[in-house]
Amino acid sequence: MNSNRLSGLLAATYTPFDAAGQVRTDVIRPMVDHLIGQKISGLYVCGSTGEGMSMTTAERQAVTEAFVSATDGRVPVIVQVGHNSTADACQLASHAASAGADVISATCPSYFKPSDTQTLVKCIAEIAAAAPDKPFYYYHIPSLTGSTIDIVQFLELGRNQIPNLVGLKYTDTKLFEYQTCQAAAGGALDIVFGSDEMLLGALATGAQAAIGSTYNVIPEIYHRLMAAFEQGDLPEARRQQLKSIEFIRTVYRYPFHSAMKEILNMQGFPVGTCRLPQRSLTAEEIQSLKSDLKAIGFELPS
């Protein structure tokens with residue numbers, strides 16, 4: 001399958017919830033408009049950041065429809081459909097395609113894990129086949145799925161057995177493996193990087209696109225990083241990457257995604273907090289987060 005390669009910064013989007021923990025689709029359009037205004041070049045919906053695994057199938061479908069509608073073709077919408085039930089993953093893939101998503105993506109099942117590479121290929125092939133006319137990116141995030149399958153071997157086998165496999169969302173910290181993935185299958189696949197705090201290293205190994213959580217709130221740092229790298233100004237690129245790392249280290253003092261959602265709340269996007277089993281921040285933690293962010297020069301609305 002032919003597919004245009006992804007490029008630039010793609011935001012792994014947060015899913016808005018109300019005070020009762022129900023999905024708020026009305027917040028999605030202003031979020032999307034803001035992200036596109038910040039030169040975000042694509043949206044990754046219902047992934048880890050978007051709590052896809054914490055939503056029902058019906059909720060994921062509603063969120064997908066809302067993001068596709070709000071985006072209105074301005075940037076690609078990638079919908080993550082991974083599920084412990086392969087049948088549900090296929091249903092989500094088929095729905096995302098019919099809703100107008102540009103790309104389908106999926107993690108592997110994480111409760112009963114694929115035991116070998118060929119089994120993983122077979123599982124992912126079923127999901128990708130549910131949306132055969134859409135480009136498919138496998139989502140490799142072993143820290144959450146617990147998968148120990150050789151990802152390079154998966155790409156080599158999958159390239160021949162999954163007709164619409166065009167790429168990989170690589171969310172790990174092994175740059176040597178990331179570079180090997182880029183060379184897999186004769187370099188025919190689009191390998192997108194997924195660890196925000198290591199973007200500079202990924203650029204040095206050939207990354208052309210990155211998907212991440214912090215692109216929702218500090219995209220300007222990464223735009224400056226990428227511009228400096230393209231201009232050969234490595235000292236400036238390192239300075240911008242260090243700013244990113246400092247921000248991420250600050251947020252990681254708290255439950256990360258709940259803290260990120262609080263930052264979006266502070267910025268005027270009422271996204272609520274995360275669903276269990278991710279806990280919310282206490283009132284004291286929210287105030288502490290504000291102080292910590294100000295201490296590193298992060299501007300909050302007055």
Side-chain angles (χ1 to χ4, degrees), residues 8-16 31-32 34-44 47-51 141 143-144 169-173 175 178 192-204 207 209-230 233-274 278-302:
L9 299 178
L10 295 88
T13 56
Y14 282 91
T15 299
M31 288 172 58
V32 169
H34 173 73
L35 289 169
I36 293 174
Q38 294 294 307
K39 300 181 181 179
I40 290 296
S41 60
L43 306 176
Y44 192 86
S48 309
T49 301
E51 299 176 80
I141 183 166
S143 64
L144 291 181
K169 180 179 185 287
Y170 182 91
T171 304
D172 204 352
T173 58
L175 286 175
Y178 176 71
V192 181
F193 197 65
S195 293
D196 307 8
E197 58 270 61
M198 297 184 68
L199 178 59
L200 179 55
L203 293 174
I211 299 171
S213 305
T214 62
Y215 306 156
N216 287 279
V217 295
I218 52 169
E220 68 281 357
I221 289 177
Y222 299 100
H223 286 311
R224 290 195 295 264
L225 187 163
M226 295 176 77
F229 179 80
E230 289 172 4
D233 188 350
L234 290 180
E236 177 60 19
R238 294 187 194 106
R239 278 191 290 272
Q240 296 302 325
Q241 184 70 85
L242 190 58
K243 286 184 179 181
S244 151
I245 293 167
E246 186 177 33
F247 176 86
I248 292 168
R249 283 171 59 86
T250 299
V251 177
Y252 261 119
R253 295 173 190 166
Y254 308 88
F256 183 83
H257 288 302
S258 294
M260 285 288 292
K261 293 187 93 169
E262 290 298 344
I263 295 170
L264 286 170
N265 289 329
M266 296 171 198
Q267 292 181 326
F269 301 102
V271 295
T273 188
C274 292
Q278 299 186 81
R279 74 167 179 86
S280 303
L281 271 62
T282 65
E284 292 78 11
E285 285 176 322
I286 293 172
Q287 291 305 312
S288 176
L289 173 63
K290 289 180 180 178
S291 297
D292 289 345
L293 291 170
K294 287 180 181 178
I296 62 170
F298 182 79
E299 297 291 333
L300 292 170
S302 56

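Positions are given from 1, in the same order as the sequence printed here.
In this structure, CD1 on I141 lies 5.0 Å from OG1 on T171, to the nearest 0.5 angstrom. E197 CD to Y252 OH: the interatomic distance, rounded to the nearest 0.5 Å, is 6.5 Å. Here the straight-line distance linking atom CD1 of I248 with atom CG of D196 works out to 5.0 Å at 0.5 Å rounding. How far CD of Q240 is from CZ of R224: 4.5 Å, rounded to the nearest 0.5 Å. With rounding to the nearest 0.5 Å, the separation of CG in L289 from OG1 in T282 is 10.5 Å. With values rounded to the nearest 0.5 angstrom, N216 atom CG is found 9.5 Å from F269 atom CZ.
Looking at every heavy atom in both residues, L203 comes nearest to M226 through CD1-CG, 4.0 Å. Nearest heavy-atom pair, Y14 versus M260, reported as atom, atom and distance to 0.1 Å: OH-CB, 3.1 Å. Minimum heavy-atom separation, L9 to P219: CD1-O, 3.9 Å. Residue Q38 comes nearest to H223 through the heavy atom pair O-NE2, 2.9 Å, listed as atom of the first residue, atom of the second, then distance.
Summarising the local packing, CZ of R279 is surrounded by more than 12 heavy atoms from other residues, nucleotides or ligands at distances under 6.0 Å.
The only member of V251, L293, L281 that meets side chain to side chain contact (heavy atoms under 4.5 Å, CB included) when paired with E262 is L281.
Side-chain atoms of T49 and Y44 include no donor-acceptor pair closer than 3.5 Å.
Formation of a donor-acceptor pair under 3.5 Å by the N265 side chain with backbone atoms of V271 is found in this model.
A salt bridge does not link E246 to K243: none of the charged side-chain nitrogens sits closer than 4.0 Å to a carboxylate oxygen.
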